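To keep things clear, I will list the structure first and then write my remarks on it.
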Amino acid sequence: MTSEKDVTASPSQAPSDFVRDIVAQHVAEKRYPKIVTRFPPEPNGYLHIGHAKSICLNFGIARENNGQCNLRMDDTNPTKEDVEYVESIMEDVQWLIAGWADHCLGFKPKGKLPEATGTGSTTDFYLGAVNPAAAGGTSGLEPFFASDYFDEIYAFAVTLIKRGKAYVCDLSPEDTEKYRGAPDKPGVDSPFRTRSIEESLALFERMKAGEFPNGARTLRARIDMTSPNVWLRDPVLYRIRHTEHHHTGAKWCIYPMYDFAHCLSDYIEGITHSICTLEFEVHRPLYDWILESLGLPRPLPHQYEFARLSLGYTVMSKRKLMQLVQEKVVLGWDDPRMPTISGLRRRGVPATALRQFAANIGVTKFSSLTDVAVLEHAIREDLNARSHRRFAVLRPIKVVLTNLAEGQVVQNEAVNNPGDPTAGSRMLSLTREVYIDADDFMEVPPPKYFRLRPGGEVRLKYGCVIKCDEVVKDASGALVELRCTADLETRAGGSNATKKVKGTIHWVSAASAIDAEVRLYDRLFNVPEPDADGDFKAHINPNSLEVLTAKLEPSLASATLEDRYQFERLGYFALDPRDTALGKPVFNRTITLKDTWTGGKA
RNA sequence: UGCCCGAUGGUGUAAUGGUAGCACAGCAGAUUCUGAAUCUGUUUGUCUAGGUUCGAUCCCUAGUCGGGCAGCCA
């Protein structure tokens, strides 16, 4: 495979799957001088974790074969697309592949268009890539745009007409549908199918010139109205849309359809392997028909299909995600509860974890439902290795250590990561007043409860064992504070340091703790397949976000956006990059720690 | 009732004519100043019926079940 070290994570060798097998065979045959893939999102929404699977596949294949993967905006429908999406896509892709496949990313000089390389009767166009890493950054570069090829695609359409393989059709949208027939019923030829080449040529030019209203005419391929594959029943190649385009402005009023534009865009860029999802499988004969009908001089790209990702407890279509945003179920496309790449990033999920996840789930043609536990495992595994441990108390209970003097400070060393000796340590101050988490004290605990109870003992981690002498309540019966005695001889190095107690809990000093907003996220839906009954909004988890003010150990005042933290016994947390302000930290819980305690119920 | 694609433990995936393996989840134990991590062990599987073959998860046929396809969306 590759001789380079995979920087995703040490254990991940290049995965193997049927697409990579095909590519490997082509490499062995030396079929192409270089393997070129592409990631071609339509800029009509934000990228989600399903796209991440595709990105990892396409860029993975490129990097494993010393190839290249072009980022291309598949923007042939001006009514649905927007530059906002172009920008988010660029950011998300570059974030996901950073440090892994940047050297394979294909961009192009800003404004650069394909060059006509054809001679004589053969029409040919080519547009090569520039790598941002090699070019010293993305300034002056941009991704590819299918809309940059409108001139060339138009020229190819004219060629098709001249070859008698396409014609201008005057059927209305409704009639076009009727004539198409049904999957089990053959279609009927359009009355305009026999139109002369000259007339189609003239009409097509007038369509381009804007002489006809939307929907008045289309350019259609002349294939076979009786084909069992409905996509071969004279598919529409061009439609009239008097709409400005986010990238080409007002230049065009006719726009190519996906099927026509995609294969040609692949060809123009010199793509060798055009990898897409299963629903395009029935389009493949059309993809091939168009390219083969043009008599193109360079090697043709080929399409390969794999199963899109379905993840438990979430929805994955852009339409549904858009709905969640528009109906304010979430706070935006990058809401940390969203399965979008931007949402996962904001939640604190590292790109390496997403890449490892993609490698773990594999690539097949079987439509499966992936257990969220697989994603969660990849995130925990990544975060466990890299996160410094910190103490944070989410729901504070005050504990007074009655045998410590006011102002007395007992310093304790706490390691930053028990699995990584190089991570160092920091000091924690034990004082007369500390906070512990409400979950770590129960007046009437269930069986096997290891934590603090009246008259019971527990260890304050990196501190000492304490004993609960008194539970103080107010007139209403609400807990005010716990009065405990600390046994300082049980500290590390003390005469009773190895004293065994059932529970060890985290804590913070009331004297030095800092306040911070902490956001606890839970899954957005409360059933594994929210859309199984077609009503995904009925299964929204009303408690997917809980916001609280927590007490944090003081070292967290210097937390950075880049670092990941494990709040011990609670989970992994990261600073929210959008809402954190100077002196006002906001932490997002990326994921809880795995919790095998049944809560005494078992 | 047309065409295309698929089917391996609970879930996801390997094995491409020769011992059904891995991961997640689960369970049990060890260990633990995180009920985490780590370590050890372990339950559970080739959709059905025929055929080819010394031998079939793999090749062939039929069936069953599942997914996709009838936008001037992608």
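In what follows, chains carry the letters A, B, and so on, assigned in the order in which the sequence lines appear, proteins first and then strands, with residues in each chain numbered from 1. Predicted, not measured: the structure shown is a model, and the values here were computed from it.
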Is [X] touching bases, backbone alone, or none of the nucleic acid, heavy atoms closer than 4.0 Å?
| X | answer |
| --- | --- |
| A:Val230 | sugar-phosphate |
| A:Phe280 | base |
| A:His506 | nothing |
| A:Thr76 | sugar-phosphate |
| A:Gly215 | base |
| A:Leu278 | nothing |
| A:Asp21 | base |
| A:Thr176 | base |
| A:Leu171 | base |
| A:Asp74 | sugar-phosphate |
| A:Ser367 | sugar-phosphate |
| A:Thr364 | sugar-phosphate |
| A:Phe366 | sugar-phosphate |

Residue pair A:Arg222 / A:Lys165, side-chain heavy-atom distance below 4.5 Å: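 The answer is no; the side chains never approach within 4.5 Å.
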
Validation row: A:Asp17, A:Phe306 side chains within 4.5 angstrom (heavy atoms):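 No - every pair of side-chain heavy atoms lies 4.5 Å or more apart.
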
Toward the 5' end of RNA chain B, by each residue's nearest nucleotide, A:Asn229 or A:Gly181: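 Of the two residues, A:Asn229 wins.
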
First encountered from the 5' end of RNA chain B, between A:His283 and A:Lys185: A:Lys185

Steps toward side chain to side chain donor-acceptor pair (under 3.5 Å) verdict (A:Thr352, A:Arg386): CA-CA 11 Å; A:Thr352 43; A:Arg386 77 202 301 162; 3.1 Å; yes

For [N] and [M], measure between their [atom1] atoms and round to the nearest Å.
| N | M | atom1 | value |
| --- | --- | --- | --- |
| B:A56 | B:C47 | C1' | 16 Å |
| B:A28 | B:U19 | C1' | 27 Å |
| B:A14 | B:C22 | P | 15 Å |
| B:U46 | B:A20 | P | 12 Å |
| B:U11 | B:C5 | P | 25 Å |
| B:U8 | B:U57 | P | 15 Å |
| B:A70 | B:C4 | C1' | 14 Å |
| B:A36 | B:U31 | C1' | 13 Å |

Rounded to whole Å, how long is the line connecting atom [atom1] of [X] with atom [atom2] of [N]?
| X | N | atom1 | atom2 | result |
| --- | --- | --- | --- | --- |
| A:Met322 | B:A74 | CE | P | 15 Å |
| A:Leu232 | B:C4 | CG | P | 12 Å |
| A:Arg284 | B:A74 | CZ | P | 20 Å |
| A:Glu529 | B:G66 | CD | C1' | 12 Å |
| A:Leu286 | B:C69 | CG | C1' | 13 Å |
| A:Tyr258 | B:G71 | OH | P | 17 Å |
| A:Asn44 | B:A74 | CG | P | 10 Å |
| A:Arg20 | B:A14 | CZ | P | 11 Å |

Taking every non-hydrogen atom, the tightest pair across A:Ser509 and A:Val434: CA-CG1, 4.2 Å

Shortest non-hydrogen contact from A:Ala146 toward A:Thr76: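 For A:Ala146 versus A:Thr76, the nearest heavy atoms are CB-CG2, 4.2 Å.
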
Intra- and inter-strand pairs of RNA chain B in dot-bracket (Watson-Crick or G-U wobble, both distances under 3.5 Å; | for another strand): .((((((..((((....[..)))).(((((.......)))))....(((((..]....))))))))))).....

Stepwise ring pair (Phe, Tyr, Trp, His ring centres under 6.0 Å) test for A:Tyr287 and A:Phe280: CA-CA 10 Å; A:Tyr287 183 103; A:Phe280 293 102; over 10 Å; no

Option from A:Thr218, A:Asp259, A:Leu286 for which side chain to side chain contact (heavy atoms under 4.5 Å, CB included) with A:Pro235 holds: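 When side chain to side chain contact (heavy atoms under 4.5 Å, CB included) is applied between A:Pro235 and each of A:Thr218, A:Asp259, A:Leu286, only A:Leu286 qualifies.
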
Residue that, paired with A:Tyr154, satisfies ring pair (Phe, Tyr, Trp, His ring centres under 6.0 Å) out of A:Tyr149, A:Tyr255, A:Phe204: A:Phe204

Residue A:Arg193 excluded, over 12 heavy atoms near CZ under 6.0 Å: yes

Over 12 foreign heavy atoms within 6.0 Å of CD, A:Glu205: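 No - once you tally the heavy atoms of other residues, nucleotides and ligands closer than 6.0 Å, there are 12 at most.
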
Ring center gap for A:Phe587 and A:Phe573 short of 6.0 angstrom: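 Ring-ring flag for A:Phe587/A:Phe573: false, centres at least 6.0 Å apart.
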
Check whether any side-chain N or O of [X] sits under 4.0 Å from OP1 or OP2 of [N], and answer yes or no.
| X | N | answer |
| --- | --- | --- |
| A:Arg180 | B:C72 | yes |
| A:Arg241 | B:C73 | yes |
| A:Arg239 | B:A74 | yes |

Proximal nucleotide (of B:A14, B:C3, B:C4) relative to the A:Pro228 side chain: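 Minimum distance to the A:Pro228 side chain belongs to B:C3.
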
A:Ser368 side chain, from C-beta outward: closest of B:U13, B:G68, B:C73: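 Output: B:U13.
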
Side chain to side chain donor-acceptor pair (under 3.5 Å) partner of A:Asn44, chosen from A:Glu81, A:Arg319, A:Lys80, A:Lys318: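 With A:Asn44 as partner, side chain to side chain donor-acceptor pair (under 3.5 Å) holds for just one option, A:Lys318.
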
Base-contact (B) and sugar-phosphate-only (S) positions in nucleotides 20-39 of chain B, heavy-atom cut-off under 4.0 Å, - elsewhere: ----SSS------BBBSS--

Assigned glycosidic conformation for B:G71 [threshold 90° from 0]: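 Base orientation: syn.
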
A:Tyr313 six-ring face occupied by A:Arg523 cation (under 6.0 Å, within 45°):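 The answer is yes, since A:Arg523 meets both limits relative to A:Tyr313.
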
